[in-house]
There are 2 protein chains.
Amino acid sequence: MISFEPIGVIRTPYLDSAPFQPQDDDDQEFYLELKSSFLDALSELEKFRYLYVLFHIDRLDRPVKMHVSPPWAKGRTVGLFASRSPVRPNPIGLSVVRIKKIEGTKIYTSGLDVFDQTPLLDIKPYIKDLDTKLDANYGWLEEPEERDHLVRHIKGEPHEH
Amino acid sequence: MISFEPIGVIRTPYLDSAPFQPQDDDDQEFYLELKSSFLDALSELEKFRYLYVLFHIDRLDRPVKMHVSPPWAKGRTVGLFASRSPVRPNPIGLSVVRIKKIEGTKIYTSGLDVFDQTPLLDIKPYIKDLDTKLDANYGWLEEPEERDHLVRHIKGEPHEH
């Protein structure tokens, strides 16, 4: 077993439900609150536009299943590791967010798809070229209907499920 | 404390030293070997071109420092969380790799910047649009000299430190 201690918490407006993916245009307040001992570790971070946020998905107690039906997949079933389902053997969440501003140990960000008070495990700068894979694809989401649905989720556009 | 159990191991040619970043053009053999119980969870994964690999950085015992001097920063000092240093409060590594082929529970990938037998924590499909931030920047690496050095690291081009 490998043990980690949170470096802080994620503060979001989501007390009882959260969107499936970060909503970049959500105007509500989202911030990462790091423990005060990490103040110096944030030096120069504000120069980055995007940030990887790694967190512990701690509010789900559904059993882990090897096959899942993602919300945008219209009943289609795929392997758990071919999905971003939060119900995983190791419930580590990963989101890319925009850094808005940093005040002390509070990092204000674009929308995050997690519950308020989610334990924060790590943050890493998202670096152009290194993390921007221009030839990435949509995998099994390549089918036009599923892809359109996914893109609406990503952009936070209203749509029927 | 939050505890995780590895879902498998990462096999690489690096027994005693590893590059700073994944080398996409490294022709040696790299694969993720998942536990056999996860075979079904890999269904449809091969349709994705890229994959996030989350792992436990388990071979470093240097003390965590709030400021670091990344190898490509020419003596410059930045905050730990403004870097991708492997010496972090929670040593969770994150790499984006290309999926070459999947055979059983072995996922063959492009180069990975980790030691052989590194514990694997999670894998997630890297999805076009969701993870490809076209307006990402280089942060404090924006200065031309450091950026050129970084890009050489990313591309695996030989250069002097």
Side-chain angles (χ1 to χ4, degrees), chain A residues 1-7 21 34 37-50 52 54 56 58 66-67 77-84 88-90 92 94 96 98 119 121-142 150-151 154, chain B residues 1-7 21 34 37-50 52 54 56 58 66-67 77-84 88-90 92 94 96 98 119 121-142 150-151 154:
Chain A
M1 297 295 281
I2 302 161
S3 294
F4 298 117
E5 189 179 342
I7 59 170
Q21 294 299 333
L34 274 71
S37 56
F38 293 125
L39 179 62
D40 288 350
L42 298 181
S43 167
E44 305 275 352
L45 178 61
E46 203 167 17
K47 292 186 176 165
F48 288 93
R49 193 166 288 154
Y50 288 98
Y52 280 122
L54 284 79
H56 180 214
D58 67 336
M66 293 302 105
H67 289 101
T77 295
V78 301
L80 171 61
F81 289 130
S83 85
R84 297 282 277 254
R88 317 176 76 78
N90 291 322
I92 302 174
L94 174 68
V96 183
R98 209 158 26 81
L121 292 176
D122 196 11
I123 54 174
K124 300 176 192 291
Y126 179 105
I127 303 173
K128 183 171 172 175
D129 294 347
L130 184 64
D131 299 306
T132 319
K133 301 299 183 188
L134 295 180
D135 59 340
N137 69 359
Y138 296 101
W140 56 264
L141 289 150
E142 206 66 58
L150 169 66
V151 170
I154 294 170
Chain B
M1 296 295 282
I2 301 161
S3 294
F4 298 118
E5 190 180 341
I7 60 170
Q21 294 299 334
L34 274 71
S37 56
F38 294 124
L39 179 63
D40 288 350
L42 299 181
S43 167
E44 304 275 351
L45 179 61
E46 202 166 18
K47 291 186 176 164
F48 288 93
R49 193 167 288 153
Y50 288 97
Y52 279 123
L54 284 80
H56 179 216
D58 67 337
M66 294 301 105
H67 289 100
T77 296
V78 300
L80 171 61
F81 290 131
S83 85
R84 298 282 276 255
R88 316 176 76 78
N90 291 323
I92 302 174
L94 174 68
V96 183
R98 208 159 25 82
L121 291 175
D122 196 12
I123 54 174
K124 301 176 191 291
Y126 179 105
I127 303 173
K128 183 171 173 175
D129 294 347
L130 184 64
D131 299 305
T132 318
K133 301 299 183 187
L134 296 179
D135 58 340
N137 69 358
Y138 296 100
W140 56 265
L141 289 149
E142 206 66 59
L150 169 67
V151 170
I154 294 171

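Given the structure is predicted, the values throughout are model-derived calculations rather than measurements. Reminder, nothing fancy here: chain letters follow the sequence lines and each chain counts from 1.
Scanning all heavy atoms of the two residues, the minimum distance from K128(A) to A136(B) falls at CD-O, 3.4 Å. Heavy-atom minimum distance, S43(B) versus H67(A): CB-NE2, 4.1 Å. Shown here for S3(A) and M1(B), the closest heavy-atom pair between the two residues is CB-CE, 3.6 Å. Here the closest non-hydrogen pair linking I123(A) and R88(B) is O-NH2, 2.5 Å. In terms of heavy-atom proximity, R84(B) sits nearest to P125(A) at NH1-O, 2.7 Å. The minimum heavy-atom distance between Y138(A) and F48(B), with the atom names listed, is O-CE2, 3.4 Å.
Most heavy-atom pairs under 4.5 Å with chain B: of the set I7(A), L42(A), I92(A), this distinction falls to I92(A).
Two residues are said to be in side-chain contact when any heavy atoms from C-beta on lie closer than 4.5 Å; L134(A) and L134(B) meet this criterion. Side-chain contact between F81(A) and D122(B) is present, with heavy atoms from C-beta onward closer than 4.5 Å.
Taking the six-membered ring where the residue is Trp, F4(B) and F4(A) present tilted rings, their angle falling between 30° and 60°.
Interface residue I2(B): backbone and side-chain heavy atoms are both found under 4.5 Å from chain A. In this structure, the portion of L34(B) lying under 4.5 Å from any heavy atom of chain A is its side chain and not its backbone. Using a 4.5 Å cut-off between heavy atoms, L121(A) contacts chain B through both its backbone and its side chain. Residue contact with chain B, scored on non-hydrogen atoms closer than 4.5 Å, is absent for D58(A).
One N or O on the side chain of N90(A) and one on the backbone of E5(B) form a donor-acceptor pair closer than 3.5 Å. Under the 3.5 Å distance criterion, the side-chain polar atoms of N137(B) are matched with a main-chain donor or acceptor of K47(A). Judged purely by atom type and a 3.5 angstrom limit, Y52(B) has no side-chain atom pairing as donor or acceptor with the backbone of L94(A). No donor-acceptor distance shorter than 3.5 angstrom exists from the side chain of Y50(B) to the backbone of D135(A), with no hydrogens or angles considered.
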